[in-house]
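Read through the structure below, which is laid out as structure tokens, and then see the notes.
Values reported hereafter were calculated over all heavy atoms of this structure, with side chains retained and with hydrogens, waters and symmetry mates removed.
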Protein chains: 4
Amino acid sequence: MVTAKTTPRGRPRDARAHAAILTTAAELVTETGYAAMSLGAVAARARVGKDTIYRRWSGKAELVYEAVFTTTDTAPVPDTGTLEGDLTVLVQQLIDEFSAPAAAAALPGLLADFAAAPELRATIRSAFLAPAKQRLADVFDRARARGETVPGVESDLVLDSLVGTVLFRLGILGEPASPRLARSVAGIAAKGIEAR
Amino acid sequence: MVTAKTTPRGRPRDARAHAAILTTAAELVTETGYAAMSLGAVAARARVGKDTIYRRWSGKAELVYEAVFTTTDTAPVPDTGTLEGDLTVLVQQLIDEFSAPAAAAALPGLLADFAAAPELRATIRSAFLAPAKQRLADVFDRARARGETVPGVESDLVLDSLVGTVLFRLGILGEPASPRLARSVAGIAAKGIEAR
Amino acid sequence: MVTAKTTPRGRPRDARAHAAILTTAAELVTETGYAAMSLGAVAARARVGKDTIYRRWSGKAELVYEAVFTTTDTAPVPDTGTLEGDLTVLVQQLIDEFSAPAAAAALPGLLADFAAAPELRATIRSAFLAPAKQRLADVFDRARARGETVPGVESDLVLDSLVGTVLFRLGILGEPASPRLARSVAGIAAKGIEAR
Amino acid sequence: MVTAKTTPRGRPRDARAHAAILTTAAELVTETGYAAMSLGAVAARARVGKDTIYRRWSGKAELVYEAVFTTTDTAPVPDTGTLEGDLTVLVQQLIDEFSAPAAAAALPGLLADFAAAPELRATIRSAFLAPAKQRLADVFDRARARGETVPGVESDLVLDSLVGTVLFRLGILGEPASPRLARSVAGIAAKGIEAR
DNA sequence: ACTTAACCGAGACGGTACGTCCAGTCTTACT
DNA sequence: AGTAAGACTGGACGTACCGTCTCGGTTAAGT
């Protein structure tokens, strides 16, 4: 592979400005909510020109997405010994991720903007869901290796079901993240898959 | 119950204006999307003053909700003889409802506004989900009457799971409403419930 | 004459807002100068929305013109008994008008904007110069009535000469309005005209 | 006088860049007008860094002034044998200078910026008017040498009058440079001076 | 028939955010 | 030290909406 590696010309972008914008965006979205957060306010509080924001992100949706979901999914792939147990851990990870204050404040408006912009829609699957999808695939592989009957299951559908359920409960309905939620959701899914 | 029934004084509200606003709102949201639709544009196209809108609805979210989801859920309660069959029909009803052009255009933004406004959040369960919830309860009752083992299932959770999954696939991801979707989603749910 | 007299519809424009904008514009242009004055600042200080300004004036030039040159040229037509005397008074009137603090601050930038906008250029003659032109014509008429030889003089040229000279000295060069200036300028013009 | 003559250290300034900037500035001001011309655009088209401009000129006004009025007044001092004739030639020289496309495009905005900046105001007399002032003085001297009565005339005032008139007609009003203009303007001035 | 009161279309109101542009400065690597 | 490139802060631009308010005028019900 030939990396073109064009020599960068001119003044390089300021990493401190970059970081300040992201931090401020996460703060403001948490304080005021997605709709009420303006890029002008982010610029002012981060002591940055508006151009410096628009130079890096195309708009509010992209900025907030990066600001809120950059705690980079380093969650470990669960390994509890059973499919149901693994799924429970996985669902709990989703719950934790979506329950963080900034995420909870950002999610509904963010998803609406992504849904409305065709060019951003693809990002949801490719960036937002990708880490969880990988973890789910690992969980399934391990289940098969254990000899559990996991039929050729449509893993995208299962993932959408888990994510959609959690997102709807927490993001849209705003229900509290009850501790039983992960077990219930994972329970139905696990039994539903195994019984097919 | 004593309905206070204060006699209305002055000129009664114009029913034609009411209808024109709802029709226009549904049209505009379909054409331009939820975010890009302004109440000023609705007023102008409906040849109505802005106040005439604000006198009846508190804002965009409430107006669009009424404009788009007034085809009043007259869907029949499914009765196919099996829990899985009934759920499949029920899920297909949800899919149809959410796939209508106006609904598809309105849903993401609408849910975001509802989620962001605490006083509207409750409306989602009480108005948006209520009809489907009733149908689901009927389906469960019928299953129990047939002797199928339906444990004391958390019906809210099942409903949120079905709705959340469908909404996420269609509304957020914008995936086409494949004909197999209803069967797959209902299948997992039915098996998951029965196997508990 | 048939005045079309279209019935005004909707809320009438607020005369107090109108006045507040003009007053504030005159203040700000005097304080900060034409170039540094922003319509946003005018709106903020007049406690008025920016739209309320743009609804009435097309831009900074038109607003400042009206704000600064509305003290309506009520200067009397001079009548001293000689052409030179009359012209001296007339030039002094120009000097006084252009020396007022707001006018002095506004003139150079204002004329530049007018000159740059073809649709505004005509306004200079038709509005800005018209009152002085009328006074000059009266002075010439009176001179002829007295029997002074005032050949078929190009009055536009004489006016442009007087105005251009005064404007250049005061507005562009910023020289102080010396008391001898009016006499010198009028003297050359009067002798020049009579001697032809 | 001791010219300090500090030995220049480091890389000397690029004369080609200097010329390219001036040429481009003259082009752009002619194409787009003074107000719409940005130094960034000049830099880009001249393939030069913005700093290279700011290192040599303090801003738009100084750059455009040098770019447009560098045809360095090499106009010959007129010598027609009469004061009126000489003045006519002199005024025509002014007209020609101000009618050039770049000058016509630059003048109104340029004068406004000069007028607004106290430190630039002096430049108008010392640089912009100086050549014409010298020519005018020569014309007067010659007239006196011929025995024409040229009283101790305020030559600054006469010059301001000629320049102000021409500038106002061409630069501000944008009137075409009619061929009779020079004769009329010079005629009034000559007669006005002689008759005193 | 006359009053009363809420309705109506139209559009102006104060305010806020948008996304773009420019000024003038600064920071790279290179010459 | 000068250079091209381009990022930096700051701020104005003119537009679009929001939700409210203010007109003149309309439409009933209650007198």
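For the pair D:R16 CZ and F:dA4 C1', the interatomic distance rounds to 13 Å; values are reported in whole Å. We find that CH2 of B:W57 is positioned 15 Å from P of F:dC18, with the value rounded to whole Å. Across the protein-nucleic acid pair, D:L39 atom CG and E:dG24 atom P stand 7 Å apart, rounded to whole Å. To the nearest angstrom, C1' of E:dG11 lies 17 Å from NE2 of C:H18. As rounded to whole Å, 12 Å separates atom P of F:dA7 from atom CZ of A:R9. Taking atom CG on A:D14 and atom C1' on E:dT28, their separation rounds to 12 Å, with Å as the unit. Between the P atom of E:dA23 and the CG atom of D:D113 lies a distance of 11 Å, rounded to the nearest Å. Distance CD1 (C:I53) to P (F:dG14): 11 Å, rounded to an integer number of Å.
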With side chain to side chain contact (heavy atoms under 4.5 Å, CB included) as the criterion, how do C:V64 and C:W57 come out once you've worked through the C-alpha distance, each side chain's angles and the decisive distance to 0.1 Å? CA-CA 9 Å; C:V64 172; C:W57 297 277; over 6 Å; no
Does the side chain to side chain contact (heavy atoms under 4.5 Å, CB included) test come out yes or no for A:L107 and A:Y34, once each step is laid out? CA-CA 8 Å; A:L107 266 174; A:Y34 183 85; over 6 Å; no
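DNA chain E is contacted by both A:G10 and A:A41; A:A41 maps to the nucleotide lying nearer its 5′ end (nearest heavy atom per residue). Summary of the strand contacts: D:A46 and A:A43 both lie near DNA chain F, and taking for each the nucleotide with the nearest heavy atom, the more 5' one is attributed to D:A46. Nucleotides of DNA chain F nearest to C:A36 and A:V48 differ in position, and the one nearer the 5' end is that of A:V48.
For A:R55, counting side-chain heavy atoms from C-beta on, the closest listed nucleotide (F:dG14, E:dC18, F:dT9) is F:dT9. Taking the side chain of D:Y54 as heavy atoms from C-beta on, and the options F:dT22, E:dT25, F:dA12, the nearest nucleotide is E:dT25. Here F:dA4 is the nucleotide among F:dA4, E:dA23, F:dT9 with the atom lying nearest to any side-chain atom of D:T52.
An OP1 or OP2 oxygen of F:dA4 is reached within less than 4.0 angstrom by no side-chain nitrogen or oxygen of A:R11. Regarding contacts with the backbone of F:dG10, a side-chain N or O of A:R47 is found under 4.0 angstrom from either OP1 or OP2.
When heavy atoms are screened at a 4.0 angstrom cut-off, A:D51 is found touching base atoms of the nucleic acid. If you check every strand for non-hydrogen atoms under 4.0 Å, D:R56 touches sugar and phosphate atoms only.
Donor-acceptor pairing under 3.5 Å, judged by distance alone, is present between the side chain of B:K50 and the base of F:dG19.
A distance of 11.5 Å separates CE in D:M37 from CD in D:E27, rounded to the nearest 0.5 Å.
The main-chain N or O of B:V48 is never found under 3.5 Å from a side-chain atom of B:T52 such that the two would form a donor-acceptor pair. Of the possible donor and acceptor atoms, none in the side chain of D:K60 sits under 3.5 Å from a partner among the backbone N and O of D:L110.
Ring centers of A:F128 and A:F114: at least 6.0 Å apart, outside the cut-off.
When all heavy atoms of C:A112 and D:P108 are compared, the pair lying nearest together is CB-O, 3.5 Å.
Judged by distance alone, the side chains of D:R56 and D:H18 do bring a donor and an acceptor atom under 3.5 Å apart.
Of all the residues in residues 101-110 of chain D, not one reaches under 4.0 Å from DNA chain F with any non-hydrogen atom.
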